[in-house]
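The structure presented is a predicted model; accordingly, all values stated were derived computationally and were not measured. Lettering of chains follows the sequences in order, A, B, ..., and the numbering in each one begins at 1. We use all heavy atoms of the structure for the numbers below, so side chains are in, but hydrogens, waters and symmetry mates are not.
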Amino acid sequence: MKDYNPSKIEPKWQKEWEKHDLFSAPDDATIENKMYILPQLPYPSGSGLHVGHAEVYTACDIYARYQRMLGKKVLQVIGWDSFGLPAENYAIKNNVHPKISTNKAINNFREQIKSLGISVDWGREVGAHNPDYYKWTQWFFLLMYKRGLAYRKEQSVNWCEGCKTVLANEQVVDGKCERCDTVVEQKKMEQWFLKITDYADRLANDLDKVDWPEETKSRQRQWIGRSEGAEISFDVVNVQDVQNVENAVKEQAKRYNKRSDTTIGTIKVFTTRPDTLFGATYLVLSPEHLLVQSSEFPAFCGVNSANRKEIDEYINKTKKKTELDRQTEKEKTGVELKGVKAINPATGEEISVWMADYVLATYGTGSIMAVPAHDQRDFEFAKKFNLGIKEVVSGNNDEGAFSGEGKAVNSDFLNGLETAEAKEKMINWLEEKGVGKRKTQYKLRDWSVSRQRFWGAPIPMVFNKDRKNKKYEYIFIHGYGGDGDSNYFPKLKRDLMALGHKVIAFDLPDTEEPNICRQMEFLLDNIEFSENTVILAHSLGGAVAMKLLEHENKKVAKVIFSDCFFEPKFVDTARPAVEASCDWNFDFEKLKTLADEYVVISDSNCPIIPREHSEDFAKRLNARIVFAHANGPHFMSLDEPVFLEEALVSGLMPVKFSDLPVKLPDDVDFRPTGQSPLTYSEDFQKNVEEKYGRGWKREMDTLDTFMCSSWYYYRYLDPKNDKEFASEKALKKWMPVDFYLGGEEHVNGHLLYSRFFTKVLFDAGYIDFDEPFLKHRHQGLILGEDSRKMSKRWGNVINPTDVVNEFGADTLRMYEMFMGPLEQTKPWSTDGVRGLRRFLDRVWNLYKKVNSDDGLKADYEATLHKTVKKVGEDLENLRFNTAIAKMMELVNEFSKADEIRHKDFELFLKILFPFAPHIAEELWSKLGNKKFLSLAGWPEYDEAKTVDSKITVVAQINGKVRASFEFDAGISEQEVIKIVLENEVIKKWLDGKEPKKIIYVEGKLVSIVV
RNA sequence: GCCGAAGUGGCGAAAUUGGUAUACGCACCUGCCUUAGGAGCAGGCGGAGCAAUCCAUGAGGGUUCGAGUCCCUCCUUCGGCACCA
């Protein structure tokens, strides 16, 4: 009887399917009939496939096979997240090149996956470590750079001087290095970041568009952490300079009317509770606050301040702390900046300024206004340092701070208002007085993508230190109606001069009705171009600048355009004279060669120059485009922080497209030194100067591997394309992903990054959708038999290949799907696996009962049709466990029958097929079928046959079941009630009482109330 | 501390979404067949009771003819975030 032999039939059918190429994605897919099923990209680890992988691939495969049977054109693919640290660590230890160990691991994975009978299109397999893949990872980085979304910045990291390396927070134990016990310090390093924060709002809002688990969505929302409130400026006065509080208040009052443009002496804070401003009794700066880093700091905190030393000590002490320490040590510490006082703009009172590490540098402005009466942290701090606590919201305040909502008190014009109203009123007041503004803050931080590692995609940038360090001559060209001191010019000028650059900002002639040519001529007469020239043009000045460049025909270092236009587009009214003052014909091809670097800065909300125009402009110049959130429309504000950053010559340049991929060299020393291993490769820098000029070198860090996995689902669509990351045609045909199955651990990493990448592609015009994964689910974790996480440490790891060898792939597939709901965490049970093998053995033996006689009585018929119906519904909803349970019921009935009709057994094989394709295909062929079961359609069931001829109705009296009845289906309500009431048991329970109410639920129950 | 999810037999879990709680599987028990069984087949299996019946979905309350399912309070477990102003 035991002739079911999976080790024989499974490889046989896998070969057959592959030979007949059944699972390649069909070419004739259209947006209506396509079905893109995506199992999450695995990291090909040396220890091989895990049962968790098998769960993901099986679930996707069942769904894919089902969809094919429904007639969908299915795309299902697997690839490899093959860059990453484990391979590199292995390389250091065993002196094997990661490429070799990785390829070996991939070959192993591929064989293991194939042995599960997963129906993927192997012709589209991709690996993140292959140059033809990471070429496009690098291209994505450049896309980010060109759109102003990639920038280089210094940031603190955990640093171990012993190992000379950056440590992740998890590698720091008790403030010491996990390996060598050296005290870990905070070190600033230059790192590349992606500006994911620019997309925070859309990333949060668009979650409404997708079918994802609610939990996942809310975790992402929480991670993005949107908070609404206000940014408030506090003027700071130097204690030595002010006689008394009265003077300070007078000073403050003057500033309400016309605030000076001096930012020194102002501390900005972010608060979600502007309504409590009257209760702000002191300010707190984080120890890393920018002000503390700046050259004005000694003056700021009072040159003669008695506690200057104390402050420095506090800063140094904080530097030694790790992030971890700061999180765990909840005891408040801090130090007062005794040289200064701040003015509360609402009360006009002088309040003290402190520095404390309970304030985070990386959130908001890095400084806060403390309202100890209504914030627990401020309360603790105030208690410790004996600072004033002033109640401004009425509410329970017995112990600690009351941070709830209530009526405002002690707050002048806010008194009596509820919190929400008070917030609004305060924000309006702040804006009116010019001391604050409405502000939305996010917890989300920009994404750090630099890794000082070898086994990743090299960052495709070149740099030139000399260019960065040179002094430049800036020429500012103002716009229509402006002058050399308009808008952001004065502050930028001062900032640039402070850095040692020269700045010329002329007042151009005829500014009320500008003549572009004449303005250009004026400039020609007054300036001289050189390779050290940087031109910054605003608005109409952009046209002047371009004419100037064309005319002069000399290369300059950099040109920056802020909200400029290359066609005469005046939104309010036509200005024929201005329009006619030049021909508006620009030779962009020539212009491209006249500056090393072009930047277009666009105010993303500008009413005068729309974003699209700036996009177009940047494209023509091959410029980097930066979308800034301007402080004033069309950059009319004095303080536009983006400009200093963008005006400087960075000494950075993206590599040319023809230089992609920037390949990883082979001559690499992996030893950890804290420098990227690429630093020591000669090959890596070969020919770079020939390509880019003297002094240029390649970036030596590599990209975070999350960048590789942020776009892989696009590469599957067109994996061999060497002109684009994917063709427009392929993108249109297959995207977005219809079903994505992956781990819950990636919610705030991979899933967020992928959405970010997709939105950037959308904005750049490559795609016409802005969410990559329409439907997403997580597989549940599979625990060991001891209900602990599978790990070598516990010795409870189950290797799927062992299970395949002992029981067969079909058994493994069915068992993993039967364990419980797909999304749930559940423990392994080898006995459970045996149960499923037993089931398949029984299925196998049913074959012997198959008879073609149509005259057979089929007692199982209702169950058969109900099962087809239920399995179809369950597959739609990914409820594989209950689908299998239903099939088991059917098989139990089949087992009881003497014979099974041929067509009925075929029907069953069709619904079994997605789950256990090998045995189903084998039995199908044994039944005499010549065509593959894989190519069969999904069966229909007969609705009429799913209806039972007999129904069971129970009778309840006052909610308790007292009797059960069998009726013919279709019996009327009156009849049922009549029979029920005549029943002896019911009569006994009624005890002669008259029913008050009788409820009949069709075909189910009669409920009698007495 | 904050946010979220979940608590049903000895175990994994079902329950048409308010209508016979425990489908299906595992483990266990009994029997048959066997030289043998970690095989197969037949049957049993929430608890108490000889039985009628009673009690059971983390605990307590509520709504309802009727609650595992809806509402309130609490407990436990597991995840996530964590000085985010």
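When the P atom is compared between B/A21 and B/G12, the two are found 23 Å apart, to the nearest whole Å. Here, B/C78 and B/A27 have their P atoms 28 Å apart, quoted to the whole Å. Nucleotides B/U30 and B/C45 have their C1' atoms positioned 11 Å apart, rounded to a whole Å. For B/A42 and B/C50, the C1' atoms lie 27 Å apart once the distance is rounded to whole Å. Remark: the separation of the P atoms in B/A51 and B/G46 is 14 Å, to the nearest Å. Comparing the same atom, P, in B/C3 and in B/A15 gives a spacing of 30 Å after rounding to whole Å. To the nearest whole angstrom, the two C1' atoms, one in B/A13 and one in B/G68, are 14 Å apart. B/G80 and B/C24 have their C1' atoms separated by 33 Å, given to the nearest Å.
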- Message: Counting primed atoms plus P, OP1 and OP2 as sugar-phosphate and everything else as base, spell out the protein contacts along nucleotides 3-16 of chain B at 4.0 Å heavy-atom distance: B, S or - for each nucleotide, 5' to 3'.
- Response: SS-------BSS-B
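Side-chain N or O atoms of A/Arg834 include none that pairs as donor or acceptor with a backbone N or O of A/Phe807 at under 3.5 Å.
Contacts of A/Gln956 with the nucleic acid, taken as non-hydrogen atoms under 4.0 Å apart, include base atoms. Counting non-hydrogen atoms under 4.0 angstrom, A/Asn892 reaches the backbone sugars and phosphates but no base.
Separating the NZ atom of A/Lys996 from the P atom of B/G66 is a distance of 11 Å, rounded to the nearest angstrom. Rounded to an integer number of Å, the gap from A/Ile999 CD1 to B/A67 C1' is 14 Å. If you take CZ of A/Arg221 and C1' of B/C81, they are 16 Å apart, rounded to a whole angstrom. Atom-to-atom, CE of A/Met355 to P of B/C83 comes out at 19 Å; the value is rounded to the nearest Å. Between the CD atom of A/Glu889 and the P atom of B/U22 there is a distance of 13 Å, given to the nearest Å. The distance between atom NZ of A/Lys866 and atom C1' of B/C24, rounded to the nearest whole Å, is 15 Å. Residue A/Glu1002 contributes atom CD, which lies 15 Å from atom P of B/U20 at whole-angstrom precision. Regarding A/His746, its NE2 atom lies at a distance of 15 Å from the C1' atom of B/G80, rounded to whole Å.
To the nearest 0.5 Å, atom CG of residue A/Asp198 and atom CG of residue A/Asp446 are 7.5 Å apart.
Across all strands shown, B/A5 pairs with B/U77; the Watson-Crick or G-U wobble distances both stay below 3.5 Å. Here B/C41 sits opposite B/G31 as a Watson-Crick or G-U wobble pair (both hydrogen-bonding atom distances under 3.5 Å). When both pairing distances are held under 3.5 Å, B/G19 makes a Watson-Crick or G-U pair with B/C65. In this structure B/G49 sits in no base pair that meets the Watson-Crick or G-U test at under 3.5 Å. Using Watson-Crick or G-U wobble geometry with both donor-acceptor distances under 3.5 Å, B/G12 finds its partner in B/C24.
Ion pairing between A/Glu424 and A/Arg438 holds under the 4.0 Å rule for side-chain N and carboxylate O. In summary, A/Asp378 and A/Lys332 do not engage in a salt bridge, as defined by a charged side-chain N under 4.0 Å from a carboxylate O. Between A/Lys826 and A/Glu55 there is a salt bridge, since a side-chain N of the basic residue sits under 4.0 Å from a carboxylate O of the acidic one.
Residue A/Glu966 places its CD atom among more than 12 non-hydrogen atoms of other residues, nucleotides or ligands, all under 6.0 Å distant. Heavy-atom neighbours of A/Lys384 NZ from other residues, nucleotides or ligands within 6.0 Å: above the threshold of 12.
Side chain of A/Arg842, nearest nucleotide from B/G25, B/G19, B/A85: B/G25. Closest approach to the A/Leu1005 side chain among B/G80, B/G19, B/C65 is made by B/G19 (side chain taken as heavy atoms from C-beta onward).
B/U17 adopts a syn glycosidic conformation, its chi angle falling within 90° of 0. In this entry the base of B/G9 is syn relative to its sugar, with a glycosidic angle within 90° of 0.
Residue A/Lys886 places no side-chain atom within donor-acceptor reach of the base of B/C24, judged by atom type and a 3.5 Å distance cut-off alone.
Looking at which nucleotide of RNA chain B each of A/Lys896 and A/Trp223 is closest to, the 5′-most match is held by A/Lys896. Comparing A/Ile1008 and A/Ile368, the nucleotide of RNA chain B nearest to each residue sits closer to the 5' end for A/Ile1008.
For an aromatic pair to be called close, the ring centres must be under 6.0 Å apart, and A/Phe381 with A/Tyr282 satisfies this.
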Show the distances under 3.5 angstrom between N or O atoms of the protein and N or O atoms of nucleotides 50-56 of chain B.
{"from": "B/C54", "atom 1": "OP1", "to": "A/Arg962", "atom 2": "NH1", "distance (Å)": "3.2"}
{"from": "B/C54", "atom 1": "OP1", "to": "A/Arg962", "atom 2": "NH2", "distance (Å)": "3.3"}
{"from": "B/C54", "atom 1": "OP2", "to": "A/Arg962", "atom 2": "NH1", "distance (Å)": "3.3"}
{"from": "B/C55", "atom 1": "OP2", "to": "A/Lys960", "atom 2": "NZ", "distance (Å)": "3.4"}

Short N/O separations, protein against nucleotides 26-33 of chain B, under 3.5 angstrom:
{"from": "B/C26", "atom 1": "OP1", "to": "A/Arg838", "atom 2": "NE", "distance (Å)": "3.2"}
{"from": "B/C26", "atom 1": "OP1", "to": "A/Arg838", "atom 2": "NH2", "distance (Å)": "2.6"}

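Residues A/Glu785 and A/Thr830 bring a donor and an acceptor atom of their side chains to less than 3.5 Å of each other. Inspection of the A/Tyr363 and A/Ser286 side chains reveals no N or O donor paired with an N or O acceptor under 3.5 Å. For A/Thr863 and A/Glu893, the side-chain atoms include at least one donor-acceptor pair closer than 3.5 Å. Using modelled atom types and a 3.5 Å distance limit, the side chains of A/Asn845 and A/Tyr4 yield no donor-acceptor pair. For the residue pair A/His778 / A/Thr216, a side-chain donor-acceptor distance below 3.5 Å is found, with atom types taken as modelled.
The two residues A/Ala883 and A/Asp874 make their nearest non-hydrogen contact at N-OD2, 3.1 Å.
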